[in-house]
Amino acid sequence: MDLDLAQVRAFVVTAERLHFGQAAAELYLTQQALSKRIARLEEVLGTRLFDRGGHVVELTAAGRRFLEPAVETLRAADRAVAAAVHDDRPLRLDVWSHLYGPQRMVRLLVELEPGLDLALGMRSDVAAAVTGLRRDELDAGFGWAPAGPLPDGLTRRLVRLEPVAAVMSQDSPLAAADRLRPEDLRAGELWFPADAARLEFLRLFAEEFGLPHAFGGVNLGMEANLDHLRSTPGQYLLLPAEAPVAAGLRRVPLAEPTPLYGWSLVWREGERHPLLPLLLDAVGRAVRANGWLDYDPARHWVPIAES
């Protein structure tokens with residue numbers, strides 16, 4: 001029995017999401033095309049893999065048995081392709097963000113997929129990364145990618161919605177709170193460590209909640225940004241809610257709603273670097289294992305750029 005790997009991949013993503021719409025979006029398919037792939041796979045196997053009742057999708061007993069070997073089959077296929085088109089050049093991946101180093105997320109992906117050989121670079125924003133991709137200086141980019149069409153030949157995938165918190169001097173009037181609502185931040189100033197055009201998430205957040213803000217001019221790096229916050233109690237910055245807190249600073253959780261920062265992968269359509277499928281597979285597994293795209297509109301704020 002010969003299996004179509006595209007059909008197997010459609011099954012695996014749907015089985016792990018248990019949601020045809022989410023699975024179709026992850027695979028860049030219509031729901032109709034996804035359903036056809038799974039129907040053909042069920043026809044080849046001679047058994048149903050999913051029970052579809054109303055809005056509920058569940059694996060059948062056969063689907064549960066098939067899932068683990070199907071996942072291993074896809075991983076083996078991706079490694080086989082990488083071996084067949086062996087390229088000594090590492091995957092050139094650029095990362096960017098005003099938040100604490102996005103390298104920490106890259107490290108997690110490498111831990112999930114030890115076969116990833118990455119050459120990491122740092123660009124200032126998505127525009128610089130897009131230029132690098134179009135000039136074939138990069139194979140992929142990882143960071144904030146705002147809404148709107150990308151240049152022809154480029155594609156992207158939203159891979160994480162990360163909660164952020166307000167970080168400020170321990171002497172700030174806001175630092176005594178156990179948590180803050182976004183509108184509470186009007187008592188201080190949201191600090192932009194670089195031009196607002198490069199910090200769209202902060203700009204959208206400030207506009208949404210009517211927050212006073214101040215501009216720092218040139219971004220001299222995170223250590224300099226934290227030093228600025230220590231010496232300027234009236235200002236704060238949004239940083240990952242799980243990031244460690246440096247001495248002299250206080251991190252206050254945000255709620256009602258909690259802002260979520262979007263991380264995206266961007267790459268060239270038809271990219272043939274043998275490690276790109278392994279990177280995309282590692283990202284998909286991290287999303288499913290950690291609930292990176294979980295979103296509740298009653299509790300979270302996601303800017304229009306990532307909704």
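FYI, side chains are in, hydrogens and waters are out, and symmetry mates aren't considered; it's all heavy atoms of this structure.
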Take the angle between the ring planes of F201 and F205 and call it parallel below 30°, perpendicular above 60°, tilted in between. parallel
**Q.** Ring geometry between F50 and F11 (parallel below 30°, tilted from 30 to 60°, perpendicular above 60°)
**A.** tilted
Can a salt bridge be assigned to the pair [X] and [Y] using a cut-off of 4.0 Å between side-chain N and carboxylate O?
X    : Y    : answer
D184 : R179 : no
R299 : E256 : no
E207 : R203 : yes
D139 : R89  : yes

If I take atom [atom1] from residue [X] and atom [atom2] from residue [Y], how far apart are they, to the nearest 0.5 angstrom?
X    : Y    : atom1 : atom2 : result
L265 : L279 : CG    : CG    : 5.0 Å
H273 : L278 : NE2   : CG    : 10.0 Å
D94  : R92  : CG    : CZ    : 10.0 Å
L154 : E269 : CG    : CD    : 7.5 Å
R48  : T60  : CZ    : OG1   : 6.0 Å
L202 : F192 : CG    : CZ    : 5.0 Å

Could you go through residues 233-248 and list every donor-acceptor pair under 3.5 Å that involves a side-chain atom there, pairing it with any protein atom two or more places apart or in another chain?
| unit_1 | atom_1 | unit_2 | atom_2 | d |
| --- | --- | --- | --- | --- |
| Q235 | OE1 | H228 | NE2 | 2.7 |
| Q235 | NE2 | E189 | OE1 | 3.0 |

- request: Could you please spell out the steps behind the side-chain contact (heavy atoms from CB on, under 4.5 Å) verdict for W263 and W144?
  value: CA-CA 5 Å; W263 298 89; W144 167 269; over 6 Å; no
Counting only heavy atoms not in [X] (residues, nucleotides, ligands), do more than 12 fall under 6.0 Å from its [atom1]?
X    : atom1 : result
D178 : CG    : no
D136 : CG    : yes
E43  : CD    : no

Verify side-chain contact (heavy atoms from CB on, under 4.5 Å) between V44 and D4, making sure each step is shown before the conclusion.
CA-CA 9 Å; V44 168; D4 183 316; over 6 Å; no
What's the shortest heavy-atom distance between [X] and [Y], and which atoms?
X    : Y    : result
L5   : A77  : CD1-CB, 3.5 Å
A282 : E113 : CB-CB, 3.8 Å
A23  : L34  : CB-CD2, 3.8 Å
P193 : L199 : CD-CD1, 3.6 Å
A165 : P253 : CB-CA, 4.1 Å
L174 : G188 : CD1-N, 4.3 Å

Residues passing the side-chain hydrogen bond (donor to acceptor under 3.5 Å, both in side chains) test with R40, sequence neighbours excluded, are none
Residues passing the side-chain hydrogen bond (donor to acceptor under 3.5 Å, both in side chains) test with D227, sequence neighbours excluded, are R230
Report yes if the side chains of [X] and [Y] come closer than 4.5 Å at any heavy-atom pair, otherwise no.
X    : Y    : result
W191 : N225 : yes
L280 : R157 : yes
V110 : L118 : yes
L161 : D294 : no
W301 : T258 : no
D51  : V57  : no
T47  : F66  : no
V12  : T73  : no

Without swapping roles, check the side chain of [X] against the backbone of [Y] for a donor-acceptor pair under 3.5 Å.
X    : Y    : value
H213 : L211 : yes
R186 : F209 : yes
R160 : V287 : no
N290 : W292 : no
R250 : D171 : no

side-chain contact (heavy atoms from CB on, under 4.5 Å) with W267: of L93, L91, L138, T155, only one passes, and it is T155
As a quick check of understanding, evaluate side-chain contact (heavy atoms from CB on, under 4.5 Å) for R37 and L29, giving each step before the final call. CA-CA 10 Å; R37 288 189 184 184; L29 296 171; 3.6 Å; yes
(Q) Let's go through E208 and L204 carefully: what are the C-alpha distance in whole Å and the side-chain angles of both, what is the deciding distance for side-chain contact (heavy atoms from CB on, under 4.5 Å) to 0.1 Å, and is it a yes or a no? (A) CA-CA 6 Å; E208 176 73 17; L204 292 170; over 6 Å; no
